There are 2 protein chains.
Amino acid sequence: MVTMSDIARMAGVSQPTVSRVLNGKGSSTRISAATQKKVRAIAQKLHFRPSFAGRALVSGRTRSIGFMCGNIRNPYYTEMADIAMRMVEERGYHLILGMMRWISWQNDLECFESLLSRGVDGVIYFGSALAPGRALYERMVQEKFPLVCVNHQPPKLPCILPDFQPGVNEAFALLKANGHSRVTGIRLNGLEKRIPFLAAAKEYGFDVEEGPTFKTEPSRLPEEVLQNVRREAYCFAEQKDRPGAVVITSDQLAAAFIGGLFEKGVMVPRDVSVISFDGTRAGQFMAPPLTSVGQDTTEIIRRALEWIFERIDRKDTSAPVVKIPTRLVIRQSVGPNPNP
Amino acid sequence: MVTMSDIARMAGVSQPTVSRVLNGKGSSTRISAATQKKVRAIAQKLHFRPSFAGRALVSGRTRSIGFMCGNIRNPYYTEMADIAMRMVEERGYHLILGMMRWISWQNDLECFESLLSRGVDGVIYFGSALAPGRALYERMVQEKFPLVCVNHQPPKLPCILPDFQPGVNEAFALLKANGHSRVTGIRLNGLEKRIPFLAAAKEYGFDVEEGPTFKTEPSRLPEEVLQNVRREAYCFAEQKDRPGAVVITSDQLAAAFIGGLFEKGVMVPRDVSVISFDGTRAGQFMAPPLTSVGQDTTEIIRRALEWIFERIDRKDTSAPVVKIPTRLVIRQSVGPNPNP
DNA sequence: CTGAAAGCGCTAACAG
DNA sequence: CTGTTAGCGCTTTCAG
């Protein structure tokens with residue numbers, strides 16, 4: 001590895017001088033054109049690349065942001081990560097992914113610790129293990145670490161939360177306009193989605209019917225979940241007098257569910273209408289393209305990063321909770337009720 | 001930030017002693033149980049976390065591997081990255097993604113440089129811009145940098161290449177068994193896929209017919225490509241006397257293509273059979289589940305990382321070119337030829 | 001068993 | 001305009 005000292009030696013100047021010309025902070029210190037040229041020439045010839053570690057050590061920054069998400073194969077996270085990566089790179093940062101396995105909260109926190117030990121300057125956190133009483137949580141709020149929680153709201157930490165109600169209302173309006181009046185919810189376990197779902201169902205006068213409930217263990221491997229949903233689709237397909245509409249908790253699960261229906265000869269949207277959550281771009285390329293309650297990915301990440309970068313610079317920022325409204329992304333998985 | 005010196009001061013020992021107990025290399029130096037206990041207790045209480053930068057500086061390693069891939073939204077890369085992330089973490093490393101934009105080779109190399117300036121210890125490279133004559137290429141081979149190329153083969157660099165022929169042969173065998181004899185290839189531009197495709201077509205006695213060719217610019221935004229493929233599907237759907245089978249260059253494009261057919265009322269596999277490349281897990285949850293010429297993701301990444309970690313330790317390793325055979329992943333996108 | 005000293009590559013403060 | 005000095009947090013000799 002070629003260092004500034006190497007260059008300094010060859011150029012017959014001191015090492016800090018090399019630093020100065022190579023970092024050329026415009027206004028800071030001016031160096032004679034001759035020295036500049038000489039140093040630059042040598043640096044170029046030797047393919048000098050400043051040592052990341054050296055800089056990190058002295059600056060106390062690694063110029064990297066941690067991104068704690070669930071399985072990256074879920075397009076919801078893929079798309080969030082994609083956006084985050086681009087935005088972060090614009091500032092000369094790198095994004096370091098940490099995938100939570102949802103096995104236990106300990107596992108979440110270990111993953112978080114691993115990122116911290118890597119020296120990330122900030123973290124976007126999609127998990128839920130960070131809660132009062134846990135040591136790491138206390139430490140984070142105390143240190144005022146640049147951390148934003150998405151989709152979950154621990155006290156005293158800045159949070160970005162989707163507001164599902166508007167999107168869900170739109171969903172029911174669309175369903176109603178298509179002559180539906182009976183719906184079943186699949187995997188709407190979390191209250192954040194379940195409550196708006198029930199509220200809208202009531203408001204639009206829908207009968208909410210029990211879907212096929214599989215007693216699956218709480219947290220499983222992603223593929224198992226998908227397989228289970230597929231099986232639920234089989235059940236649903238074979239169900240007599242089933243509702244004409246289904247609302248399901250994510251685009252990824254919708255894919256599996258629709259796949260399961262397809263195998264049983266039940267077509268979407270001809271035989272049943274499906275509305276999912278997430279509104280991922282990926283849903284656009286499914287068969288059929290998904291109608292989905294979408295989050296504003298760009299806005300969510302933009303807000304999160306904005307806050308993080310602000311706190312990296314100044315520790316005296318507040319910890320706001322911002323709600324980002326959802327809206328229905330209408331594509332082709334909803335059709336007229338076949339049995340009105 | 002709490003440092004080893006802080007702990008040393010509080011424990012009344014020297015800083016190196018703290019380092020010794022906290023790193024406890026079993027055999028290296030033994031420290032009195034009393035000191036150990038004291039130091040550990042303080043470290044724990046203060047939530048000591050060793051400085052990443054400090055270690056990186058002294059060890060010359062960052063314990064991170066760069067992963068240069070195309071758009072992460074493509075399940076092919078998502079799944080590769082997922083596997084790579086897991087494997088790398090098992091060794092206490094982190095994976096740093098670098099997304100190439102396919103805009104120009106310069107862009108590829110900038111992305112690579114960015115990873116290098118971040119101090120990654122090795123790189124898995126899915127690009128094609130690294131070629132003789134380019135400065136970075138020369139430097140990489142000269143430095144014996146721990147770098148593995150996947151899907152592309154520059155000289156003097158270790159490479160991992162899929163061998164498409166076996167998988168493609170299986171594909172044609174399956175098609176033939178289903179009464180097909182006419183096929184059209186979509187987006188089979190790259191020779192690595194086109195040659196085995198044509199060879200197998202010949203061997204199995206298939207007529208290869210021109211598909212709908214859209215004159216799209218060479219490298220475009222991913223979403224545009226998907227939209228274009230969708231349009232090609234429209235054309236194909238409306239084509240009189242079209243072949244009953246389609247081979248398409250990736251699972252992601254197959255999704256778009258099948259989506260396009262679906263919109264025109266053409267059903268897969270009832271009306272046309274589709275075989276794609278990649279064999280991603282994601283294809284399993286599409287409608288219909290994709291039959292696809294699959295790569296052994298785990299094996300590819302495993303081999304790549306194995307070599308990288310070996311070279312990180314020893315510079316005297318060779319630069320092998322390994323071929324990993326593909327095999328057909330049979331799911332449900334192939335059916336009997338409707339017009340035999 | 002443990003302390004002292006050196007040095008990894010870099011930036012920043014202070015002299016000249 | 002440029003050199004000297006110091007120090008970031010850690011590991012690694014080398015003494016003792």
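All of these numbers come straight from a predicted model, not from anything done at the bench. Sequence lines set the chain letters: A, B, ... in the order given, protein chains first and strands last, and positions in each chain run from 1.
Put simply, CD1 on A:Ile7 is 17 Å from C1' on D:dG3, counting in whole angstrom units. For A:Lys37 and D:dC1, the NZ to C1' distance is 18 Å, given to the nearest whole Å. In this structure, CZ of A:Arg9 is placed 16 Å from C1' of D:dG3, rounded to the nearest angstrom. Rounded to whole Å, the distance from CZ on B:Arg20 to P on C:dA4 is 11 Å. Rounded to a whole Å, the CG atom of A:Leu22 is 16 Å from the C1' atom of D:dT2. What separates CZ of A:Phe52 from P of C:dT11 is a distance of 13 Å, to the nearest Å. One atom, CZ of B:Arg118, and another, C1' of C:dG9, lie 16 Å apart when rounded to the nearest Å.
Remark: B:Arg303 engages B:Glu299 in a salt bridge, criterion side-chain N to carboxylate O under 4.0 Å.
Aromatic ring centroids of B:Phe67 and B:Tyr77 lie 6.0 Å or more apart.
A:Arg40 and A:Gln44 share no donor-acceptor pair across their side chains, judged by distance under 3.5 Å alone. Side-chain polar atoms of A:Thr317 and A:Arg311 form a donor-acceptor pair below 3.5 angstrom.
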What are the atom names and distances for every N/O pair under 3.5 Å that joins the protein to nucleotides 7-10 of chain D?
unit_1	atom_1	unit_2	atom_2	d
D:dC10	OP1	B:Ser51	N	2.9
D:dC10	OP2	B:Met4	N	2.7

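Residues meeting the side-chain hydrogen bond (donor to acceptor under 3.5 Å, both in side chains) test with A:Arg118, sequence neighbours left out: B:Ser64. Checked against salt bridge (charged side-chain N to carboxylate O under 4.0 Å, His left out), A:Asp82 has the following partners two or more places apart in sequence or in another chain: A:Arg86, B:Arg73.
Residue whose closest nucleotide on DNA chain D sits further toward the 5' end, between A:Pro16 and A:Ala33: A:Ala33.
Remark: B:Thr17 is in phosphate contact with C:dG3, judged by side-chain N or O atoms under 4.0 Å from OP1 or OP2.
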